[in-house]
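To keep things clear, I will list the structure first and then write my remarks on it.
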Amino acid sequence: MDSGDIVFDVGSDHALVPIYLVKENIAIKAYASDINVGPYNSALKNIKKHNLEGKVIALKSDGISNISEDVNSVVIAGMGGKLIVDILDQDKTKLEGIKSLILAPNIATNTVREWLMNNKFMIEKELIIEEDNKFYEVIKALRVKENVSYTEEELFFGPILLRSRNKTFIKKWQKKLNKKKKILDKIKNDKLDAYHMNLEEIKIIEKMLEG
Ligand SMILES: C[S@@+](CC[C@H](N)C(=O)[O-])C[C@H]1O[C@@H](n2cnc3c(N)ncnc32)[C@H](O)[C@@H]1O
């Protein structure tokens, strides 16, 4: 994100991200949008508490349906990858003025990367964070003119993370591998499809960790 950006945070419980971005001068203005009344009211309250009315604007709206023309960056965090993609697919015309997307899916990150590739967004940065024994990934993608292409491995692990292979990244996949191996035995006899999918993923993870 660049200072001067106008950001639209979808699913903005308490408006924490928009408040942070404006307070830190990372954005000049930000919208905190949520589909549910509870999070919307929490956002209103928090914006008032921080004296940021006018700079952080709370909206009760579904996905990207209320993005205004001044917005150039969209944040969607803390949801599954499938929901993030459904939201982005809601109305492509709403994304025409968007130059960057900051996405933090809690599952199905590969689905999000695939959407980015198919919609000409190039992954510029990827972060992996460990907190309370959980791993979080954040992807920043920029709109580009040319086609974008990632391999299956890059979609699965993340092109930038795969190149960096940092300690947190290796730890996450080592943990995931161990968990998948434990599950494998349990599903061997009754869930054949899941068994084969799990086995396939185990091979992909082992190959990456050996590489
Ligand atoms: C788990 S919270 C994540 C909050 C915050 N973004 C974070 O990362 O901590 C998900 C939020 O998304 C909202 N939400 C779910 N579907 C939505 C949609 N289609 N449009 C806008 N908000 C949505 C929920 O009401 C909820 O407040």
Side-chain angles (χ1 to χ4, degrees), residues 1-2 5-50 52-53 55-116 118-119 121 123-141 158 160-161 168-169 172:
M1 207 166 286
D2 303 313
D5 274 354
I6 299 185
V7 179
F8 193 95
D9 183 26
V10 179
S12 193
D13 195 7
H14 289 85
L16 293 181
V17 171
I19 287 171
Y20 171 81
L21 294 175
V22 169
K23 277 199 134 177
E24 296 296 316
N25 290 318
I26 299 167
I28 49 168
K29 185 176 167 187
Y31 294 88
S33 170
D34 206 287
I35 197 168
N36 289 307
V37 69
Y40 165 72
N41 284 335
S42 312
L44 278 178
K45 226 192 248 173
N46 227 3
I47 293 164
K48 201 169 174 195
K49 189 174 125 193
H50 289 270
L52 286 173
E53 292 111 321
K55 282 194 159 185
V56 178
I57 294 129
L59 298 171
K60 193 185 154 305
S61 70
D62 182 3
I64 56 172
S65 56
N66 274 318
I67 284 189
S68 46
E69 279 182 7
D70 56 350
V71 173
N72 56 13
S73 185
V74 171
V75 174
I76 316 180
M79 299 179 206
K82 175 79 176 65
L83 179 56
I84 291 180
V85 163
D86 285 347
I87 288 173
L88 292 169
D89 274 334
Q90 248 180 355
D91 183 355
K92 294 269 173 69
T93 64
K94 296 282 179 190
L95 294 177
E96 277 167 8
I98 303 304
K99 66 174 178 58
S100 68
L101 294 171
I102 317 285
L103 307 173
N106 42 27
I107 50 164
T109 314
N110 55 330
T111 307
V112 170
R113 292 193 188 100
E114 204 169 336
W115 186 95
L116 293 169
N118 294 335
N119 288 278
F121 277 91
I123 299 175
E124 190 206 34
K125 276 187 195 158
E126 284 179 310
L127 291 180
I128 184 161
I129 300 149
E130 185 185 8
E131 212 177 88
D132 299 332
N133 249 342
K134 281 191 185 153
F135 296 90
Y136 300 93
E137 290 184 16
V138 186
I139 301 168
K140 179 185 178 189
I160 312 280
L161 292 173
T168 314
F169 172 78
K172 170 192 165 155

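Order of listing sets the numbers, starting from 1, for every ligand and every atom in it.
- To the nearest 0.5 Å, atom CG of residue L101 and atom CG of residue L95 are 6.5 Å apart.
- For atom 14 (N) of ligand 1, the protein comes within 4.0 Å by at least one heavy atom.
- Looking at P39 against ligand 1, only its side chain comes within 4.0 Å, counting heavy atoms.
- Heavy atoms of S61 approach ligand 1 to within less than 4.0 angstrom.
- Using a 4.0 Å cut-off to heavy atoms of D13, the atoms of ligand 1 that qualify are 4 (C), 27 (O).
- Of the listed residues (V17, I35, L16, N66), the one carrying the non-hydrogen atom nearest atom 23 (C) of ligand 1 is I35.
- Checked by atom type and distance alone, the side chain of N72 pairs as donor or acceptor with a backbone atom of I6 at under 3.5 Å.
- When each atom of ligand 1 is checked for a heavy atom of D62 under 4.0 Å away, the hits are 18 (C), 19 (N), 20 (N).
- Under 4.0 Å from ligand 1, not a single heavy atom of I76 appears.
- Within a 6.0 Å radius of OH in Y136, more than 12 heavy atoms belonging to other residues, nucleotides or ligands are found.
- Of the options G78, G80, A15, the smallest heavy-atom separation from atom 2 (S) of ligand 1 is shown by G78.
- Residues D62 and Q90 approach most closely at OD1-NE2, 3.1 Å, considering heavy atoms.
- Shortest contact from atom 25 (O) of ligand 1 to any protein heavy atom: D34 OD1, 2.6 Å.
- Backbone and side-chain nitrogen or oxygen atoms of G11 are examined, and one is located within less than 3.5 angstrom of a nitrogen or oxygen of ligand 1.
- Near G63, the atoms of ligand 1 lying under 4.0 angstrom from a non-hydrogen atom of the residue are 18 (C), 19 (N), 20 (N), 21 (C).
- Within a 6.0 Å radius of NZ in K134, no more than 12 heavy atoms belonging to other residues, nucleotides or ligands are found.
- The contact set between ligand 1 and N36, taken as ligand atoms under 4.0 Å from a residue heavy atom, comprises 24 (C), 25 (O).
- In this structure, CG in D5 is found 13.0 Å from NZ in K29, a value given to the nearest 0.5 Å.
- No side-chain donor-acceptor contact under 3.5 Å links E130 to the backbone of T168.
- Residue, atom and distance of the protein heavy atom nearest to atom 3 (C) of ligand 1 are A77 O, 3.7 Å.
- Panel note: side chain D9, backbone P18; no donor-acceptor pair is recorded below 3.5 Å.
- Polar contact with ligand 1: absent for L83 (N/O pair, distance under 3.5 Å).
- When side chains are defined from C-beta on, W115 counts as touching F121, because their heavy atoms get closer than 4.5 Å.
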